[in-house]
Structure formats: C-alpha cells, structure tokens
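Below is one structure; the comments refer to it alone.
Chain identifiers are assigned alphabetically (A, B, ...) following the order of the sequence lines, protein sequences preceding nucleic acid strands; residue numbering begins at 1 within each chain.
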Amino acid sequence: MTVQQILFLLVAAGTLGSAFMVVSVRNLVHAALWLIAALGGIAILFVFLSAGFLAVAQVVIYIGAISILIIFTIMLTRNVAIDPGKQMNSSWVGALIIAVALFVLNVLILSQWSEINKTAPVLPAQYDALRLLGLALVNPNGYVLPFELASVLLLAALIGAILIAWGRR
Amino acid sequence: MVPLSWYMIFAAALFSTGLFGVLARKNAVAILMGVELMLNAVNINLVALWRYRTPEGIAGQVWAVIVIAVAAAEVAVGLALFISVYRRRKTVVADEIDLMKW
C-alpha cells in the first residue's frame, strides 16, 4: 500500500463515519457539526483528485455558508434540537434495507465495468485545471449557458427564500 | 495510486447513507442534511470520473460547480420554507406537516 492509498482510506473512513453520525445522532446541532466534518473530508478528497478549485469552493460554500444556514434554521425552530422523542420515523428499518440494497446493487453494477480498476492518468506538466475551468465557464462554445442559468437560478432562489421567510405583512 | 473503484464505492456508500437519512429521519432539517450528503456523493463521482477518464476536458468539474450552485439554491429555499412552516404550525416534523393531506 502506498502513502496515497493509506491517506485515502483514512479520509474516506472519517467521512463515512461522520456521515453515519449525521443520520443517526439525536441532537440536531451535533448532526450539523458532524455534517461539517463530512463535508471537510470531501474537500480533502477533491484535493486528492487534483480539483483545487472545487476543494476551496467546498470549504467556502458548504462549510462556510450552507452549514451555517442549517445551524441557524435548527436554532430558529425551537426545541427540535433537544426533542425527547424518537428522531427516526416508524419505517426506519425499511429505509435501512432500501439503502443497503441500493449500495449492494451499485457495487455489483460497478464490478461489471471493465475500467473500474483504472488508475489516474498523469496530468501534463503545464496543465492548469483552474484556468481551463475559468475559460470553459465563460466560453460561448463551452459552458456559458449552463453557468448563466445556474446564476439566474441562484438569484431567483435567494429572492424566493427571502420572500418565503419574510413572514406576514 | 488509488484506483477509480475506491472512489466510486466510497461515493456509493455516502449516497446510501444520505438516502437512509432522507427516508428515516423525522425532522425536516435532518432530511435536508441527508440530501446534502447525497449531492456530495454525486459530486465525488463527477470529479473522480473527470480525473480518471477525461482529464483533458473539464466537463466534470463544470458540472460539479453547477451541482454546488443548485444545492445552495435548494438549501436556501428549503430552509426558508421550514422557517415559514414553523412560524405557522410550530413544528418541522415531516409527518406533522400535513396541510395538503386529507
């Protein structure tokens, strides 16, 4: 085993463990903190995949903005964080079966694929993924339309969110 | 080097964990956290397939960026809805939000 593989296994195990805590702990504030840990692990995996921009975006958007939003909502919605009742609904066993079955099915389908054990090709020496990504996002022959659509969607969603949460006038 | 299969099996496990959270949790905010885990698993798959199969293009990273933007929009609207529902019904438990059920 190489150092990279050991690092990958450590980060992946930490991320999966945090994800299990997110879906199983009773206290919602703790669940949100475990979510931050899981998102941080995913940011590290992006670094392993040499996607530096996405790692930074993950930290800024997910850890910085989305989890703060989630914690705000937990605190604005009263006692839900310390709800004494059960945090799982009555059909959680069925949910567990569905989730495990989906995972097994996924692994079975993946194992059929001939290129699944491929290792990563070496990137060229002058390769600059960040520059390529920036150019692709504003290139009319590239991805400028999906990019602009995502911007408009985000603006509309934020205006809608303010309007919904405003309360009765 | 880490083979592609490790990333994809990890992403499958993360997706299933998120799916369990969405199906089993009672609290609407916790359901939203499960959705976040699922979206992140998809992002890992997108970036891993970009890195292992088409690193000369950039499409995988572009899609991951757009998934992040859509996830941010979804969280903003979802949490605003929960705050609005909480203000009227004093609950965010998904089973008790049954205004449209009869």
Side-chain angles (χ1 to χ4, degrees), chain A residues 4-5 8 12 16 19-20 22-23 28 31 35 38-39 42 45-46 49-51 54 57 61 65-66 69-70 73-74 76-77 80 87-89 92 95-96 98-100 102-103 106-107 110 116-121 123 129 132-133 136-137 143 146 150 153-154 157-158 160-161 164-165 167, chain B residues 1-10 12-21 23-27 29-30 32-34 36-37 40 43-44 47-48 50-53 55 58-59 61-62 64-66 68-77 79-84 86-87 90 92 95:
Chain A
Q4 280 162 321
Q5 290 179 330
F8 175 87
L16 271 184
F20 281 122
V22 171
V23 295
L28 270 187
L35 182 70
L39 296 173
I42 290 165
L45 288 184
F46 284 155
L49 285 166
S50 49
L54 283 173
I61 297 175
I66 289 180
L69 212 56
I70 288 177
T73 309
I74 291 169
L76 283 175
T77 49
V80 291
Q87 284 293 318
M88 301 279 181
N89 60 26
W92 70 271
L96 188 64
I98 291 175
V100 172
L102 182 78
F103 175 68
N106 247 326
V107 173
L110 284 176
I116 191 67
N117 275 318
K118 204 178 159 176
T119 48
L123 294 177
L132 269 182
L133 180 62
L137 282 178
Y143 300 94
L153 172 75
L154 204 53
L158 292 181
I164 291 169
Chain B
M1 277 301 282
V2 182
L4 176 58
S5 53
W6 291 19
Y7 281 103
M8 300 201 71
I9 290 171
F10 167 74
L14 194 63
F15 189 90
S16 297
T17 312
L19 181 70
F20 172 73
L23 292 177
R25 283 287 213 161
K26 267 166 84 179
N27 192 297
V29 182
L32 210 64
M33 286 194 240
E36 289 308 305
L37 287 177
N40 271 286
N43 258 355
I44 294 232
V47 179
W50 162 77
R51 179 68 184 80
Y52 281 77
R53 297 195 41 93
I58 201 76
Q61 282 208 41
V62 172
V65 168
I66 287 169
I68 289 178
V70 173
E74 168 250 328
V75 164
V77 174
L79 294 180
L81 277 174
F82 297 154
I83 291 175
S84 182
Y86 177 74
R87 201 177 279 141
K90 295 289 164 214
V92 287
D95 290 343

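Summarising the geometry of B:Ala72 relative to A:Leu154, their closest heavy-atom pair is CB-CD1, 4.1 Å, with the distance given to 0.1 Å. For the pair A:Ile164 and B:Ala80, the tightest heavy-atom approach, listed with the atom from each and the gap, is CG2-O, 3.7 Å. The heavy-atom pair separating A:Ala51 from B:Trp50 by the smallest distance is CB-CZ3, 4.4 Å. Residues A:Leu158 and B:Ala76 approach most closely at CD2-CB, 3.8 Å, considering heavy atoms. B:Gly21 and A:Val23 get closest at one heavy-atom pair: CA-CG1, 3.4 Å. In terms of heavy-atom proximity, A:Ala95 sits nearest to B:Leu23 at CB-CB, 3.4 Å.
Ranking B:Ala12, B:Gly34, B:Ala30, B:Ala69 against chain A, the residue ahead of the rest is B:Ala12, based on heavy-atom pairs under 4.5 Å. Counting heavy-atom pairs under 4.5 Å between each of B:Ile9, B:Val62, B:Val75, B:Asn43 and chain A puts B:Val62 at the top. Annotation: maximal heavy-atom pairing with chain B below 4.5 Å, among A:Val107, A:Leu39, A:Val100, A:Val22, occurs at A:Val22. In terms of non-hydrogen atom pairs under 4.5 Å with chain B, the most contact-rich of A:Ile70, A:Ile61, A:Asn106 is A:Ile70. The candidate from B:Val77, B:Leu14, B:Asn40, B:Leu32 with the greatest count of non-hydrogen atom pairs under 4.5 Å with chain A is B:Asn40. No other option in A:Ala57, A:Ala38, A:Ser50 has as many heavy-atom pairs under 4.5 Å with chain B as A:Ser50. Among the candidates A:Ala150, A:Ala136, A:Ala129, A:Gly160, the residue making the largest number of heavy-atom pairs closer than 4.5 Å to chain B is A:Ala129. Most heavy-atom pairs under 4.5 Å with chain B: of the set A:Leu69, A:Leu133, A:Leu153, A:Ile98, this distinction falls to A:Leu133. Annotation: maximal heavy-atom pairing with chain A below 4.5 Å, among B:Tyr52, B:Phe15, B:Phe82, occurs at B:Tyr52.
Looking at residues two or more places apart in sequence or on another chain, you find no ring pair (Phe, Tyr, Trp, His ring centres under 6.0 Å) involving A:Phe103. B:Ser84 pairs by the side chain to side chain donor-acceptor pair (under 3.5 Å) definition with nothing, not counting sequence neighbours.
The CZ atom of B:Arg25 lies 6.0 Å from the CG atom of A:Leu28; values are rounded to the nearest 0.5 Å. One distance of note links CD1 of B:Ile83 with OG1 of A:Thr73; it measures 4.5 Å at 0.5 Å rounding. Interatomic distance, A:Thr77 OG1 to B:Asn27 CG, rounded to the nearest 0.5 Å: 6.5 Å. Taking CG of B:Leu19 as the reference point, atom CG of A:Leu102 lies at 6.0 Å (rounded to 0.5 Å). Note that CG of A:Leu49 and CG of B:Leu4 are 9.5 Å apart. Values are rounded to the nearest 0.5 Å. The CD atom of B:Gln61 lies 9.0 Å from the CG atom of A:Leu132; values are rounded to the nearest 0.5 Å.
Looking at A:Tyr143, only its side chain comes within 4.5 Å of chain B, counting heavy atoms on both sides. Proximity to chain A involves both the backbone and the side chain of B:Trp6, based on heavy atoms less than 4.5 angstrom apart. Interface residue A:Leu110: only side-chain heavy atoms are found under 4.5 Å from chain B. The contact between A:Leu137 and chain B is made entirely by side chain atoms (from C-beta outward), counting heavy-atom distances below 4.5 Å. Both the backbone and the side chain of B:Tyr7 come within less than 4.5 Å of a heavy atom of chain A.
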B:Phe10 and A:Leu45: CA distance, side-chain angles, deciding distance, side-chain contact (heavy atoms from CB on, under 4.5 Å) verdict: CA-CA 11 Å; B:Phe10 167 74; A:Leu45 288 184; 3.2 Å; yes

Stepwise side-chain contact (heavy atoms from CB on, under 4.5 Å) check, B:Val47 with A:Leu54: CA-CA 9 Å; B:Val47 179; A:Leu54 283 173; 3.4 Å; yes

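A donor-acceptor distance shorter than 3.5 angstrom exists from the side chain of B:Arg87 to the backbone of A:Ala165, with no hydrogens or angles considered.
The side-chain heavy atoms of B:Leu37 and A:Leu35, taken from C-beta on, include a pair separated by under 4.5 Å.
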